[in-house]
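Comments concern the structure below.
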Amino acid sequence: MTEGEFQEFMITVGYRYNEKLKFAFNSFEGFKTVIKFLEKKNRYSLTVKTGTSATAELKKRLKAYETEHKNYVTRARYSDRFIKINLKMTIDSDIDKEELKQLVHFMTELFKSEILEPLCEVCSRPRKTGLYIVGSEPAAICDKCLARKKRQYEIRKNKFIMKKQNMKLGLIGAVFGAIFGACVYILLYQFTPTFGAGGIIVIVPSFAGFVVTGKRATVKSALICAAISAVIFLTAEYLSMVASMAILIERNGGGIAVSEAIDVINSSFGDLSYIMPVIIDTSMGLGFMIIVGIIYFLKRAFTRPLKISNNIL
């Protein structure tokens, strides 16, 4: 079923549709039901927040529904005070429509059964709720929780807006942090295999240094920090090998000969058996840097204040 077909069909069974976020929604007997059109995951996903005094009976009904529609229902569960049901998205629109129709009918019968009560998704209390979009997710929220969330949003938004970035100081902090991490890495390199951990050891202090001195990080500053960290990490990798070779020469009675160690390392780059472990170690370090960068961006996404829409029902 195409998204357009899904939208048109859900309207015929009493649901409204949010085109931007691709979900159908409905309010019946106080229950706020959401059915998402998840084309990339090849399924339709229903969720509704609800409490029950008859958990065993509810799970029995869900199991019976899942068994009856086993060819199309991939999940029918009640957990964490949510009913969650997933339907396969087939290539036959008529089958999808029939299964969605059966799903809507099943949920309507559940809501009429009086074994359920609608709950607020924030406080999990049986209060009257509206349906709001928090960030990019729909949520049934009561008036008290809505007021509290809006206050939190305003406080965090104002705090976020009032932070002024100091790029120059931030870059100084980033460079200092990366160099500090590089020094730690060079030291550790002499005692134990690092298996690419140098990437993490360098980039984390670099990000931290920017945030401490620059006050506010942005996507641009994160990319700059990553570039600085990559250059310093590669430099640290080279210096680590030089230091290791210098120590080896000194142990063999050659004295401390840094220049000789540099010559040996430089000449070794033509030896594939020597350079391959270095390439692997360096690649792992850069890979770990990318992972840290992804975690950083996820952290930004989850810590930024989430805007709350008006009641869409």
Side-chain angles (χ1 to χ4, degrees), residues 21 38 40-41 134-137 152-153 155-245 247 265 268-269 272 274-307:
L21 299 178
L38 303 175
K40 291 183 179 180
K41 295 182 179 180
V134 182
S136 60
E137 290 295 323
Q152 293 172 346
Y153 169 75
I155 291 171
R156 294 182 65 187
K157 183 184 74 172
N158 292 336
K159 184 178 179 181
F160 185 81
I161 292 174
M162 289 175 65
K163 275 189 176 181
K164 301 298 180 182
Q165 185 185 71
N166 189 322
M167 180 62 80
K168 291 182 179 179
L169 285 179
L171 291 177
I172 292 172
V175 171
F176 177 81
I179 291 174
F180 172 78
C183 293
V184 173
Y185 174 60
I186 292 171
L187 182 63
L188 288 176
Y189 191 96
Q190 313 312 314
F191 297 100
T192 181
T194 58
F195 304 109
I200 298 175
I201 295 172
V202 172
I203 197 170
V204 170
S206 179
F207 278 148
F210 189 96
V211 172
V212 170
T213 57
K215 300 301 180 183
R216 179 180 175 181
T218 61
V219 173
K220 179 181 177 181
S221 66
L223 293 175
I224 293 173
C225 286
I228 291 171
S229 298
V231 171
I232 292 178
F233 167 64
L234 293 175
T235 304
E237 186 75 19
Y238 178 75
L239 293 177
S240 296
M241 292 187 293
V242 170
S244 180
M245 182 58 68
I247 292 172
I265 293 299
S268 298
F269 285 148
L272 186 62
Y274 176 80
I275 197 64
M276 187 54 66
V278 176
I279 292 175
I280 293 174
D281 192 59
T282 304
S283 299
M284 289 177 64
L286 295 174
F288 283 133
M289 281 188 170
I290 293 173
I291 292 173
V292 171
I294 292 172
I295 293 173
Y296 169 80
F297 282 113
L298 289 175
K299 179 256 182 188
R300 276 175 53 84
F302 285 112
T303 56
R304 289 174 70 91
L306 298 177
K307 187 176 181 181

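Just so you know, these numbers use all the heavy atoms, side chains as well, and skip hydrogens, waters and symmetry mates. Residue numbers run from 1 in the order of the sequence given.
Judged as a ring-ring contact (aromatic ring centres under 6.0 Å, His included), not a single pair has a partner in residues 210-230 (not counting sequence neighbours). Pairs of residues two or more places apart, or lying in two chains, that qualify as side chain to side chain donor-acceptor pair (under 3.5 Å) and include a residue from residues 201-213 are S206-S229.
Separating the CD1 atom in I201 from the OH atom in Y189 is a distance of 12.5 Å, to the nearest 0.5 Å. Here OG of S268 is found 5.5 Å from CE of M245. Values are rounded to the nearest 0.5 Å.
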Determine all donor-acceptor pairs shorter than 3.5 Å in which one atom belongs to a side chain in residues 231-238; sequence neighbours excluded.
from: T235; atom 1: OG1; to: V231; atom 2: O; distance (Å): 2.9
from: E237; atom 1: OE1; to: Y185; atom 2: OH; distance (Å): 2.4
from: Y238; atom 1: OH; to: N266; atom 2: OD1; distance (Å): 2.8

Ignoring hydrogens and angles, write down the donor-acceptor pairs under 3.5 Å from the side chains of residues 284-292, residues two or more places apart or on other chains.
none

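Minimum interatomic distance between A222 and F207 (heavy atoms only, all atoms of both residues): O-CE2, 3.6 Å.
Remark: I247 engages Q190, R251 in a side chain to side chain contact (heavy atoms under 4.5 Å, CB included) (not counting sequence neighbours).
In this structure, the side chains of S136 and L21 come closer than 4.5 Å at one or more pairs of heavy atoms.
Judged purely by atom type and a 3.5 angstrom limit, S244 has no side-chain atom pairing as donor or acceptor with the backbone of S240.
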